[in-house]
2 protein chains.
Amino acid sequence: MHEALFRHIEKFTNLEPSEIDTLESCLQLSKVKKKEHLLQEGQICNTMYFVVKGCLRQYIINTKGSEQTLQFGIENWWITDLLSYHNHTPSNFYIQAVENSEVIAIEKPTLEALLIQIPKLERYFRIVSQKSFGAMQMRIKFLFTMSAEERYHHFNNQFPEFVQRVPQYMLASYLDFSAEFMSKIRAGKL
Amino acid sequence: MHEALFRHIEKFTNLEPSEIDTLESCLQLSKVKKKEHLLQEGQICNTMYFVVKGCLRQYIINTKGSEQTLQFGIENWWITDLLSYHNHTPSNFYIQAVENSEVIAIEKPTLEALLIQIPKLERYFRIVSQKSFGAMQMRIKFLFTMSAEERYHHFNNQFPEFVQRVPQYMLASYLDFSAEFMSKIRAGKL
DNA sequence: CTCATTTCTTGAAGTAGTTCAAGTTTTTTA
DNA sequence: TAAAAAACTTGAACTACTTCAAGAAATGAG
């Protein structure tokens, strides 16, 4: 049922069959329709989402009322608001499906119990979150050192398939420039 | 000897006296002089640094040859290049002392061994890195939604003491604007 | 205390990006 | 398969910031 997640966990730590059973019994796969929200600003985020299939995004609505995507989550990524999750504070973010997707949603009490029953999961989540933090550091580096055009080309080189997969205006805001500017970059009109 | 770190760990998990002993025996405090480097670009980052006293920063040298601070680390923060650490790849960053500082430096083999001997440390590092990731998400939000002036005032409200502690030009680059612009913001000349 | 170094300030000129508004194309839905 | 909705394009006007250059102030080292 949840092979995708098991395979991901096995990359970082080896589970016993009994542990797989325990885990299996706590998980359920849910379908999320395109544009459906898993988290809204102001809610307390109590759930971690593992993307089995499809694409989610985390976004905010800025002071001008327009959406800015801060993060995408595709297959084998976790997505959640970790600050709201840990501190029980209202979230600053929306989490929404960009495509029809399938996710494993784990509620905090379930996960807390699992982490106690299967301490290896502590290791798994440690490594995953340390790597994500490392990736975020690189992201900040790119935001700081590259021009809008460089960011676009760099992203397009690294993830050409992904660029086709999401609306341009979402990617533009993720790369921190306007949709109009992206259009001009792509047309080579500068 | 290393109370600062023990106190920090105890916030997230409770260590047995024997575990404290084990840990104690693996740690050593080192002094770092202002401007001294703990990591240089191109090196493989093999060490995690816990700041006991003082202030470190992670920075890059951009294409124009000037320094840009990506992260500060003060008392009770860990600082390292987690991507280089996990992937054994050359680091993109410098880590340098901003003030004369004291750090606990843990080498990767030591830490790996400790995580096996004291599994509770997996939990500690998981929570710390998840919270750091959450903080990074907020940082990106601020970078995306606030003007330079707003970022300065917001930071200055949140961390007034810290603003006094580091050179203005370092803080300016951390907030992603020029030192000259910072000077004008502070003078109210806009 | 004094000289050298580092940090901060100021103004003028330039630019990488935004915003707006309108039109076009593509995708979705019924 | 038509109509509606969503996504993309284009150009013109604007602006938030950068860059440069030079001087002033603060800090540090011997």
Side-chain angles (χ1 to χ4, degrees), chain A residues 33-37 54-55 57 59-69 72 96-101 142-156 162-190, chain B residues 33-37 54-55 57 59-69 72 96-101 142-156 162-190:
Chain A
K33 285 232 176 93
K34 187 172 172 170
K35 302 214 169 152
E36 197 177 311
H37 282 91
C55 179
R57 65 167 180 149
Y59 71 93
I60 51 166
I61 297 188
N62 66 24
T63 41
K64 279 153 206 143
S66 57
E67 297 174 358
Q68 277 186 279
T69 299
F72 290 104
Q96 185 195 43
V98 177
E99 307 169 351
N100 293 330
S101 304
F142 295 140
L143 285 170
F144 275 22
T145 57
M146 293 178 175
S147 69
E149 200 179 355
E150 287 168 336
R151 292 198 298 278
Y152 171 72
H153 290 307
H154 180 257
F155 192 86
N156 200 32
F162 184 75
V163 172
Q164 308 299 4
R165 202 168 152 181
V166 296
Q168 254 179 61
Y169 72 90
M170 281 187 198
L171 186 55
S173 73
Y174 175 81
L175 294 173
D176 202 22
F177 48 75
S178 68
E180 292 91 337
F181 196 66
M182 175 121 169
S183 199
K184 285 161 196 171
I185 290 171
R186 292 178 34 124
K189 304 201 171 180
L190 293 171
Chain B
K33 285 231 176 94
K34 186 171 172 172
K35 302 213 170 153
E36 196 178 313
H37 282 93
C55 178
R57 65 167 179 147
Y59 72 93
I60 50 165
I61 297 189
N62 65 23
T63 42
K64 278 152 206 142
S66 58
E67 298 174 356
Q68 275 188 282
T69 299
F72 290 103
Q96 184 195 43
V98 177
E99 306 169 351
N100 292 328
S101 303
F142 295 140
L143 285 170
F144 275 22
T145 57
M146 292 180 176
S147 70
E149 199 179 356
E150 286 168 336
R151 292 199 298 277
Y152 171 73
H153 289 308
H154 180 257
F155 192 88
N156 199 31
F162 184 75
V163 173
Q164 309 300 3
R165 204 168 150 181
V166 296
Q168 254 179 61
Y169 71 91
M170 283 188 197
L171 186 56
S173 73
Y174 175 81
L175 294 173
D176 200 22
F177 48 75
S178 69
E180 293 91 337
F181 196 67
M182 176 119 165
S183 200
K184 285 161 196 170
I185 291 170
R186 293 179 31 124
K189 302 202 171 178
L190 296 171

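Quick caveat: nothing in here was measured; it's all calculated off a predicted structure. A, B, ... follow the sequence lines: proteins, then strands. Residue 1 opens every chain.
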Whole-Å distance separating the OH atom of Tyr169(B) from the P atom of dT9(C): 14 Å
Polar side-chain atom of Thr145(A) near backbone of Asn62(B) as donor-acceptor pair, under 3.5 Å: no
query: Once you round it to whole Å, what is the distance between P of dT27(C) and CZ of Arg165(A)?
result: 16 Å
field: Distance, nearest 0.5 Å, that separates CG of Leu175(B) from CZ of Phe142(B)
entry: 11.5 Å
task: With Glu99(B) as reference, evaluate Lys33(B), Lys34(B), Arg165(B), Lys35(B) under the salt bridge (Lys or Arg N to Asp or Glu O under 4.0 Å) test and give the passing residue.
output: Arg165(B)
- line: The nucleotide from dC8(C), dT28(C), dC8(D) with an atom nearest the side chain of Pro167(B) is dC8(C)
message: If I take atom NE2 from residue His153(A) and atom CE from residue Met146(A), how far apart are they, to the nearest 0.5 angstrom?
response: 11.5 Å
query: Would you call Phe162(A) and Phe155(A) a side-chain contact if the rule is heavy atoms closer than 4.5 Å?
result: yes
- request: May I have the distance from Ile185(A) (atom CD1) to dC8(D) (atom C1'), rounded to whole angstrom?
  value: 14 Å
query: In whole angstrom, what separates Gln96(B)'s CD from dT6(C)'s C1'?
result: 13 Å
task: Determine to 10° how strongly the helix from dC1(C)-dG30(D) to dA30(C)-dT1(D) is bent, judged from the axes of its five-pair ends.
output: 70°
message: Whole angstroms only, please: what is the CZ-P distance between Phe144(B) and dG17(C)?
response: 13 Å
- request: Round to the nearest Å and state the distance from Gln164(B) atom CD to dT27(D) atom C1'.
  value: 15 Å
message: Please determine whether a side-chain nitrogen or oxygen atom of Gln168(A) lies at a distance below 4.0 Å from atom OP1 or OP2 of dT9(D).
response: yes
task: Between protein and nucleotides 10-18 of chain D, map the contacts as a letter string: B base, S sugar-phosphate only, - none, heavy atoms under 4.0 Å, written 5' to 3'.
output: BBB----SB
query: Rounded to the Å, how far apart are Lys35(A) NZ and dA5(D) P?
result: 11 Å
message: Using 0.5 Å steps for rounding, measure from the CE atom of Met182(B) to the CZ atom of Phe177(B).
response: 5.5 Å
statement: Separation between OH (Tyr174(B)) and CZ (Phe144(A)), nearest 0.5 Å, reads 8.0 Å
query: Between CZ of Arg57(A) and CD of Glu67(A), what distance do you get to the nearest 0.5 Å?
result: 4.5 Å
message: Would you say that Arg186(A) contacts Tyr152(A) through its side chain, given a criterion of any heavy-atom pair below 4.5 Å between the two side chains?
response: yes
